[in-house]
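Here's the structure we're looking at; comments come further down.
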Number of protein chains: 2
Amino acid sequence: MPASKMSKKLSIRDIGKELGISITTVSFILNGKAKEKRISEALTEKVLKFVEEVNFKPNMMAQGLRTGKSKIICLMVEDISNNLLFAQVARLIEEEAHNSGYRIIYCSTDNKKEKAIELIRLFRDRSIDGYIITPPEGIEKEIQSLLDEGIPVVLIDRNLPSLDCNHVVIENLNSTNEAINHLIKNGFKNIAFVTLDSDQMQMADRLGGYQKAITEHGLNAYVKKVGFHDSSEQNVNEIASFLKENKNIDAIFFSTNYIGVWGLQAIKSLNLRIPDDIAVISFDDQDLFKFYSPSITVVAQPVPEISSHIIRLMLNALDEKDSEIHKIVLPAKLIVRESSSL
Amino acid sequence: MPASKMSKKLSIRDIGKELGISITTVSFILNGKAKEKRISEALTEKVLKFVEEVNFKPNMMAQGLRTGKSKIICLMVEDISNNLLFAQVARLIEEEAHNSGYRIIYCSTDNKKEKAIELIRLFRDRSIDGYIITPPEGIEKEIQSLLDEGIPVVLIDRNLPSLDCNHVVIENLNSTNEAINHLIKNGFKNIAFVTLDSDQMQMADRLGGYQKAITEHGLNAYVKKVGFHDSSEQNVNEIASFLKENKNIDAIFFSTNYIGVWGLQAIKSLNLRIPDDIAVISFDDQDLFKFYSPSITVVAQPVPEISSHIIRLMLNALDEKDSEIHKIVLPAKLIVRESSSL
DNA sequence: CTTTAACGCTAAATCGATTTAGCAATTTTC
DNA sequence: GAAAATTGCTAAATCGATTTAGCGTTAAAG
């Protein structure tokens, strides 16, 4: 039998027995309360050394049961495989969470209210310590009840304006406005905006940025909305039809990266040349846009900054160092490439 | 004070008290042991109804402490944000895991042995029930010690041949061989192969598939290896230099999707036309390849099949229904697009 | 009519930590 | 030198489940 199998997992009781002291003392020392509880330096050292030697790790379940804390953060995104942004955020917050002794479980809402509510209910009963959420519309009540219980919540990507809750979002309105103005400056006159059929904050703001630019320059608005839950094929066709019906459109803005992908397919299917027939800008950067021929101008989110704000907000809230509500709005960056000027 | 805040969390003790029965009985009923323990149907019904009514959910920590099971599966990938494949797998296994009462925590190894070992050690001490791992080279001992303790492990994407362990991989050799033969059939004679500087199973097999085809047709081999941990820029430059030094290369195979992306950049930087100057095939499908101009031929992994095998293997092993080792090898599919024939 | 078996349920131990309350010995205070 | 305070440590309760061993009652067996 291998040694690994022989060594029953150690408990704090074993440590106490081995050293001839009480488990209380061991616990105090391990929790850094030696000073506070007036344990002698000599004993403290001895215990710490022994614990290190035998590589003792306290049982998380027992700790969790007693303290009510699981040391687990839930990351709830729309779809971890759909939007590269979410996978990147997942990657970036993972390490810092681990460094602070937290693990991360993830789940995907598919941007469906019912699914999000179900998931929150599921996890609430399991003493998850904190929630990082891209909220679909309509889950305000669930979130509020988390907040009422004092459970840290950080909303990301979008905000629920009726809630007084931590969030990290980007300047959707201004950055979209800047992008549309960039098109206008480059001489485009009939600028279309393709977005989701959704009232979510970030979408509303992006549309707002478009409308502001269009209005200020007295241009015609061309807005097309597509369904998040419709198939890719359907949405590609919808965008293609929209372009066929509005042949005077000379520039187009896609308000998310996946809409951008659908849009490029639609444009390709109509054999339109970019930017000669139609200029293109999309929200969210990704390889496809960088390496497309021609390369696609984008409004890029500052993923590392977003992520570090998210995890810092969460860890601070968990520490109870910081009980303030923080509403963080970060600028996005227009990256001009070949697709947006002649 | 809101109602939500008033309702202290229920325990099994409360249920017992409320119904005037012992907690033992409640526990038996909730664990589906009513029949086995000869609890009357009437009482069983009554308890279940009450539990439903008050929406009682057992405390996972207490359950975990008592049973030693956490109901948590660890998904350890190279980098959840780098390789779209992993994010897709993450998405697909998530739902089934939830349906079976498991949650998933994730972590990224960056394909580094030390980091993987550190993570496994970290999680071992926390009673994670099972591990789904894309193993870097050199972590055989850690994995073996998990296996020795009877903890279910499923290796994915690649295999550690010295271990007798569940795994789900694809037919790397055959599928690469088929792709290279496709190039040969289309008249290409000087076919290059760009891969990772790594001895991992899946990479070795892909290289093997290339070499087999080249040898069988008596062609020259052109193999370029790039570093996983080097910067993208560096690798793009390396590939470009390689192509400049071997101007007779008329086709090129990239052995992973991210190498494919670097390769396309290199080709673009040299102003080579695809497929006229150089034909291209890459491993792993993604939007970029589908919508690139010209579209890129790929060896596509059957992501849904892979994922469902992974989660089924894991859940069966956790159930202890199935203590057999399963070694699953799935075929990959050559998707011919514009980039691989004149 | 006694013994055995089946029935329906429960008391109490247990998992491994945290934390409150407090004890005995020593030192300080006045 | 007695009372008070400090020091250094610990016993036992607790968190909320699971599970073993067993108890009293009724029905079947002989």
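Sequence lines set the chain letters: A, B, ... in the order given, protein chains first and strands last, and positions in each chain run from 1. Quick caveat, the model's predicted, so the values are computed rather than measured.
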Which residue lies more 5' along DNA chain D, comparing B:K57 with A:I23 via nearest heavy atoms | A:I23

Who passes side-chain contact (heavy atoms from CB on, under 4.5 Å) against [X], sequence neighbours left out?
{"X": "A:E118", "result": "none"}
{"X": "A:V54", "result": "A:L10, A:I15, A:F50, A:F56"}
{"X": "B:V303", "result": "B:L85, B:Q88, B:V89, B:L92, B:S307"}

Mind checking [X] for me? I need base, sugar-phosphate or nothing, with any heavy atom below 4.0 Å counting as a touch.
{"X": "B:T24", "answer": "base"}
{"X": "A:S27", "answer": "base"}
{"X": "B:K33", "answer": "sugar-phosphate"}

For A:H326, enumerate each residue passing the ring-ring contact (aromatic ring centres under 6.0 Å, His included) test, keeping only those at least two apart in sequence or located in another chain.
-> none

Determine: side-chain N/O of A:S22 to OP1/OP2 of D:dT10, distance under 4.0 Å, yes or no.
-> yes

With sequence neighbours excluded, residues passing salt bridge (charged side-chain N to carboxylate O under 4.0 Å, His left out) with A:R121 = A:E142

Of all residues at least two apart in sequence or in a different chain, which pass the salt bridge (charged side-chain N to carboxylate O under 4.0 Å, His left out) check with B:K33?
-> none

Under a 4.0 Å heavy-atom criterion, DNA chain C is touched by chain B from C:dC7 to C:dG16

In short, salt bridge (charged side-chain N to carboxylate O under 4.0 Å, His left out) pairs touching residues 48-77 of chain B with sequence neighbours left out are none

Qualifying salt bridge (charged side-chain N to carboxylate O under 4.0 Å, His left out) pairs with a residue from residues 99-110 of chain B, counting only residues at least two apart or across chains = A:R91-B:D110, B:D110-B:K115

Could you tell me whether the side chain of B:I73 reaches within less than 4.5 Å of the side chain of B:I128, counting heavy atoms only?
-> no

Between B:D79 and B:S81: side-chain donor-acceptor atoms closer than 3.5 Å = yes

Using a 3.5 Å cut-off and no angle test, enumerate the donor-acceptor pairs between side-chain atoms of residues 35-43 of chain B and protein atoms at least two apart in sequence or in another chain.
| from | atom 1 | to | atom 2 | distance (Å) |
| --- | --- | --- | --- | --- |
| B:K35 | NZ | B:E41 | OE2 | 3.4 |
| B:S40 | OG | B:L43 | N | 3.3 |

Quantify the bending of the helix from C:dC1-D:dG30 to C:dC30-D:dG1 as the angle between its end axes, each fitted on five pairs, to 10°.
-> 50°

Tell me which residues in residues 37-47 of chain A put a heavy atom below 4.0 Å from DNA chain C, sorted by number, or none.
-> A:K37

